[in-house]
Amino acid sequence: MQRYYIMKDYLRKVISTSLAQFDINEEDIPEIQIEKPNQPEHGDAASNIALNLASILKNSPRKIADQIVESLEYEANKIDTVEIAGPGFINFRYAENYLFDELNNILEEGERFGKSSALDGQRILVEYVSANPTGPLTVGHGRNAVLGDTIANLLEWTGAEVDREYYFNNAGRQMRVLGQSVKARYLQELGQEVDLPDDGYEGEYIRDIAKALIDEHGEELIDSDNITPFKEKAEQVIFEDIQETLQRMDIEMDAFFNEQEVYDDGSIDKVVETLREKDLAYDEDGATWFKTTEFGKDKDTVLIKSSGEPTYRLPDIAYHVNKLERGYDQCIDVFGADHIDTYPDVLSGLDAMGYDKSKVDVVVYQFVTIVKEGKPFKMSTRKANFVTLDDLMDEVGSDVTRFFFEMRDPNTHLEFDIAEAKEAGDKNPVFYLQYAHARIHSILRKVEQEYSFDAKAKLSLLTHESETELMKSLIRFPEMIQSAARSHEPHRLINYLDDLASAFTSFYHDCRILGEEKELVQARSALAKATAQVLANGLGILGISAPEEM
RNA sequence: GCGCCCGUAGCUCAACUGGAUAGAGCAACUCCCUUCUAAGGAGUAGGUUACAGGUUCGAGUCCUGUCGGGCGUGCCA
């Protein structure tokens, strides 16, 4: 018999069975939604199915609810009561035994608790960071990196096989300007009076790269017209720097994909060829255009400039073809709002070439504003007045950095207040979670010193309201992971963990552990231990440490 | 001009993707440390969910329009 670790799934199944009594086509049956009601008097879970069926069955919601409930077959050790309330909601209350069973389950599953098989067999590619090696990662890249990494973690926890990929471009204009900037600094360091190129990179790191070149080559590059050595050195140094920064946040990519590959293997040419065959590409003014107007855009788009150089859209399309050809069931791209206009072209390109564009999913995140001393801080990589990710982590550490990037809906602007993030106390929500975890371990250490247990904990002693609430919060963990994974919204997990920590804190204040009857100590210790486990698992997904002492 | 995103408490944000009485954290005010970590807790106050219509049993959430903010609208990436 299958176990239903997620109560929602169980209730959905139970209701679905009962719906067989109605004479409706399968495809007309609305999705069975199970929710956690806001009001505690509405029970632990509720379904609006009767309301949604009302118009289809042409009957009153309450009557439909009556019929559903009457024929509802459920296990008494899972569900205690079923009630119809309000306009026709069906409200369920969990049985105590169910909570105890689940608590045991959490302790048995341990660090695996929360994993599910919802996406079993799915191969998913998450592409993120994808910053070109022109400078240190900025806070904007930070949001990208953390979102991508956390979404990848969430997908893994729901059973998917995930690859993490970093796409970059080390050719083209940007890199040329970078090389020229390094060369200018190199010459300056050697005493020549030269200016940075227009639009050159002004950051201090350019000078460092120039100095490294002097250490290695002395003056031997001084007369060279070739900027390649400057470009290559810059790329190498900057990439090392980027990797170090990512490692600080515990981010490790599975692969780095060089845009050059889709030039070298001819896939770019193939894209253009195919589009031409389908009459979706044409030549004009010496350039090659993609008929994006066919896909609802105002203008057609240049694929190959009159200089013969492709625009970024073309390799982007080829790269996505490449991903799909590798057999991924889903490709997730994480990128900032400034790229919002480019991905419809990529999707159109895929579509035109006969690929299933619904396999590509884009997580767009809005910009990050750094607030320093109460004032917003405007940034630009080229002008070098940015706050780098490293700067940020030097100030607040990796845990806080990750947390702040994860705590908000990706689709809203994020205000990162350095002062607030640095505050080690009240204002800083990440400490609230870590503190709850540390506090539990502190108690458990004392319990271990003072008691020895041989029997299984008698969980039925957990009857206090705070204990019940804590258990109910704990068992929601797996479904919260699924919800965060499905929506690609890590902040949902944060909101949940915050609720959980707050439920624990109530328990902590209402129910002492140390000094109570031995059996009660044991039962409450089990509950505390399960809470620490869920907090640790959740923080682990977020890439945030769960210290046992603070 | 056009396209995308956003507008919720004084501030920063939630609200399980259309559900029942919109919730937290800061900030403010009143309390609580001989008690397992007070980096905490209990409470008070704070709202016409920008505005105006519409869709339906039901709207912060969906559609239309208006206003305000961000981003884009390159033969830049």
Side-chain angles (χ1 to χ4, degrees), chain A residues 8 33-39 41-42 46-48 51-52 54-55 60-61 85-89 91 130-132 134 169 172-175 177 199 259 285-289 296-299 301-313 315-316 336-342 344 364-367 369 371 407-409 411-417 420 423-429 431-432 434-436 438-447 450 476 479-480 483-484 486-487 489 491-492 494-496 498-499 502 505-506 508-510 512-516 521 524 528 549-550:
Chain A
K8 280 189 180 182
Q33 298 174 29
I34 309 289
E35 303 203 312
K36 180 186 180 298
N38 291 325
Q39 262 60 43
E41 60 268 27
H42 294 147
S47 178
N48 61 354
L51 289 105
N52 288 335
S55 62
S60 87
F89 290 101
N91 294 339
S130 296
N132 288 335
T134 56
N169 161 12
R173 204 191 76 93
Q174 265 190 10
M175 290 301 288
V177 175
D199 294 337
E259 183 184 303
D285 299 334
T288 305
W289 297 73
K297 278 224 164 182
D298 287 347
K299 297 181 209 161
T301 309
V302 172
L303 285 177
I304 302 173
K305 301 184 237 176
S306 49
S307 65
E309 221 174 348
T311 65
Y312 60 92
R313 280 163 221 259
D316 262 8
D338 54 338
H339 288 235
I340 196 129
D341 250 16
T342 91
V364 176
Y365 62 92
Q366 301 294 322
F367 276 21
T369 312
V371 176
M407 72 195 279
R408 302 300 182 209
D409 184 337
N411 207 19
T412 63
H413 293 265
L414 174 68
E415 196 160 289
F416 200 128
D417 189 326
E420 185 179 323
E423 190 109 12
D426 335 24
K427 283 189 182 174
N428 194 331
F431 286 95
Y432 187 69
Q434 293 181 319
Y435 182 62
R439 193 181 239 176
I440 293 169
H441 277 275
S442 165
I443 296 169
L444 292 177
R445 279 191 297 272
K446 288 185 176 145
V447 169
E450 295 176 30
R476 293 180 60 213
E479 96 191 33
M480 290 316 297
S483 151
R486 195 172 37 238
S487 60
E489 291 178 352
H491 74 282
R492 292 179 187 229
I494 298 232
N495 290 156
Y496 163 76
D498 209 52
D499 282 349
S502 139
T505 310
S506 297
Y508 174 82
H509 280 272
D510 295 340
R512 275 194 71 81
I513 297 179
L514 257 37
E516 298 288 343
V521 173
R524 286 181 173 167
E549 269 179 276
M550 287 176 78

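Because the structure is a prediction, the values reported are computed rather than measured. Residue numbering restarts at 1 for every chain, and letters A, B, ... go by the order of the sequence lines. The figures that follow rest on heavy atoms only: side chains count, while hydrogens, waters and symmetry mates do not.
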Quote, to the nearest angstrom, the C1' distance that separates B:A15 from B:A9. 14 Å

Scan A:Ser502 against the nucleic acid and name what it touches under 4.0 Å (heavy atoms): base, sugar-phosphate only, or nothing. nothing

So what does A:Ala287 hit on the nucleic acid, given a heavy-atom distance under 4.0 Å: a base, only sugar-phosphate, or nothing? base

Report yes if a donor N or O on one partner sits less than 3.5 Å from an acceptor N or O on the other, where the partners are the side chain of A:Asn48 and the base of B:G19; otherwise report no. yes

Under 3.5 Å, is there an N or O donor on one side and an acceptor on the other linking the side chain of A:Tyr312 and the base of B:A77? yes

A:Asn411 has its side chain closest, among B:G40, B:C5, B:A77, to B:C5

I want to verify a distance call: between B:C71, B:A38, B:C75, whose nearest atom is closest to the A:Tyr508 side chain? B:A38

Checking understanding here: a glycosidic angle within 90° of 0 is syn, the rest anti, so what is B:C32? anti

In Watson-Crick or G-U wobble terms, with both distances under 3.5 Å, the base opposite B:U8 is none

Of the candidates B:C13, B:C16, B:C4, the side chain of A:Glu415 sits closest to B:C13

Could you go through the side-chain contact (heavy atoms from CB on, under 4.5 Å) check for A:Arg476 and A:Tyr496 one step at a time? CA-CA 9 Å; A:Arg476 293 180 60 213; A:Tyr496 163 76; 4.0 Å; yes

So if I take every side-chain heavy atom of A:Met550 and compare against B:U37, B:C16, B:A77, which nucleotide ends up nearest? B:U37

Pi stacking test for A:His491 and B:A14: under 5.5 Å apart, planes under 30°: no

If the P atom of B:C63 is compared with that of B:G19, how far apart are they to the nearest Å? 15 Å

Donor-acceptor pair under 3.5 Å, A:Arg486 side chain vs B:U17 base: no

Nearest-angstrom distance, P atom, B:G43 to B:C6: 35 Å

Hey, does the side-chain of A:Ser306 have a donor or acceptor N/O within less than 3.5 Å of a partner on the base of B:C75? yes

Sticking with atom C1', work out how far B:C57 lies from B:U48, rounded to a whole angstrom. 23 Å

Ring centres within less than 5.5 Å and planes less than 30° apart: is that true of A:Tyr432 and B:A39 in this structure? no

Please encode protein proximity along nucleotides 42-48 of chain B as a string of B, S and -, counting only heavy-atom distances under 4.0 Å. -------

Distance check, C1' atoms only: B:A39 and B:A45, in whole angstrom units. 26 Å

What distance, rounded to whole Å, do you find between the two P atoms, one in B:C67 and one in B:C13? 25 Å

Assigned chi class of B:U49 under the 90° convention is anti

Measure from the side chain of A:Arg173, starting at C-beta and using heavy atoms only, and say which of B:C75, B:C76, B:C13 lies closest. B:C76

A:Ile340 side-chain proximity, nearest of B:C16, B:A77, B:C4: B:C4

For A:Asp341 and A:Lys297, run side-chain contact (heavy atoms from CB on, under 4.5 Å): C-alpha distance rounded to whole Å, both residues' side-chain angles, the deciding distance at 0.1 Å, then the answer. CA-CA 10 Å; A:Asp341 250 16; A:Lys297 278 224 164 182; 4.3 Å; yes

Value in whole Å for how far the C1' atom of B:G41 lies from CG of A:Asp498: 15 Å

Measuring only the C1' atom in each nucleotide, how far is B:G58 from B:G18? A whole number of Å is fine. 8 Å

What about A:Asp409: does its side chain form a donor-acceptor pair under 3.5 Å with the base of B:A15? no

Only pairs with both distances under 3.5 Å count, Watson-Crick or wobble alike; so what is the partner of B:U48 in this structure? none

Please tell me which of the listed nucleotides, B:A77, B:A20, B:C71, lies nearest to the side chain of A:Ala337? B:C71

Is the shortest side-chain N/O distance from A:Thr505 to OP1 or OP2 of B:G40 below 4.0 Å? no

